Engineer: 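Questions regarding the structure given below will be posed in turn.
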Amino acid sequence: MITRREALKFTAAAAAVAATLPATLSLQAQPTAAPAPTGPFTLPPLPYPTDALEPHLDARTMEIHHGKHHAAYVNNLNKALADFPELAKKSIDELIQDQSTLPDKIRTAVRNNGGGHFNHSLFWQMMKPGGGGQPEGELAKAIDATFGSYPAFKDKFTEAATKVFGSGWAWLALSGKTLKIESFPNQDAPIAAGLKPILGLDVWEHAYYLKYQNRRPEYIAAWFNVVNWDFASDRFAKLQG
Ligand code: MN
């Protein structure tokens, strides 16, 4: 039996030993990596469950794409901004719109990870379960006026997305008040090129490889079944001003 008095004595003795441990030893017991900053940017939640876009976009891809890839862009953007509190106060749009003013040390990190955060934050909203079909209203009229017809637009957008070499995005965007289809490499965001994005498609392999492997055209065709045209139409109305 250990009495309470003996137990207290033992605890006190152990604490005394710990206090006299060489500093180097106790340092070695500490974790060496600083925890990743939790802000200023955060991963927005998916607006629907990961399996909501099945069978067109599979749940596992959505889970990794949002929970790992997009999360990594957010974490790396926060890390890049950790030593720049004034920049950390800016919105994501402000940060990536005028990259010439960014410090050399973090310009590329902000371009890639800030662009990744901007693009993906829009991408999740540009899709919805039970989406697809065709745009209506003013956006439909503008698409007809610019591209001739919805099928002609779809063909042109599909071609742009198919032809992105390596990793990148295809966008339907406003240049001033004019609709255009444009693709960008990597995570370069349309707003960094002065375009206002209406609808975008991620054609990085991480967006489709688990289900479609090398068959990007199949992924593009399937994606049209989940396009959120209501969201695109709202953006068109707002951005056209
Ligand atoms: Mn992606």
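Because the structure is predicted, anything quoted here is derived from the model rather than measured. Throughout, residue positions are numbered sequentially from 1 according to the sequence presented. In each ligand, atom 1 is the first atom listed, and ligand 1 is the first ligand listed.
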Engineer: Of Asn78, Leu95, Leu87, which is the lone residue that meets side chain to side chain contact (heavy atoms under 4.5 Å, CB included) with Pro40?
Structural biologist: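 Of Asn78, Leu95, Leu87, side chain to side chain contact (heavy atoms under 4.5 Å, CB included) with Pro40 is met by Asn78 alone.
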
Engineer: Among residues at least two apart in sequence or on other chains, which ones pass side chain to side chain donor-acceptor pair (under 3.5 Å) with Lys128?
Structural biologist: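 For Lys128 the side chain to side chain donor-acceptor pair (under 3.5 Å) partners, ignoring immediate neighbours, are Asp230.
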
Engineer: Do Ile64 and Trp223 belong together in a cluster built from hydrophobic side chains that touch within less than 4.5 Å?
Structural biologist: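 No.
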
Engineer: For the residue pair Phe123 and His65, categorise the inter-ring angle as parallel (less than 30°), tilted (30 to 60°) or perpendicular (more than 60°).
Structural biologist: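 The rings of Phe123 and His65 sit tilted, inter-plane angle from 30° to 60°.
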
Engineer: Is the distance between the ring centroids of His69 and His120 under 6.0 Å?
Structural biologist: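 Between His69 and His120, the centre distance exceeds or equals 6.0 Å.
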
Engineer: What pair of heavy atoms forms the shortest contact from Pro197 to Ile191, and how long is it?
Structural biologist: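 Minimum heavy-atom separation between Pro197 and Ile191: CD-CG2, 3.8 Å.
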
Engineer: Give every protein N, O or S atom lying under 2.8 Å from the Mn ion (ligand 1), naming each by residue and atom.
Structural biologist: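 Those protein N, O or S atoms (cut-off: under 2.8 Å from the Mn ion (ligand 1)) are His65 NE2, His120 NE2, Asp202 OD2, His206 NE2.
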
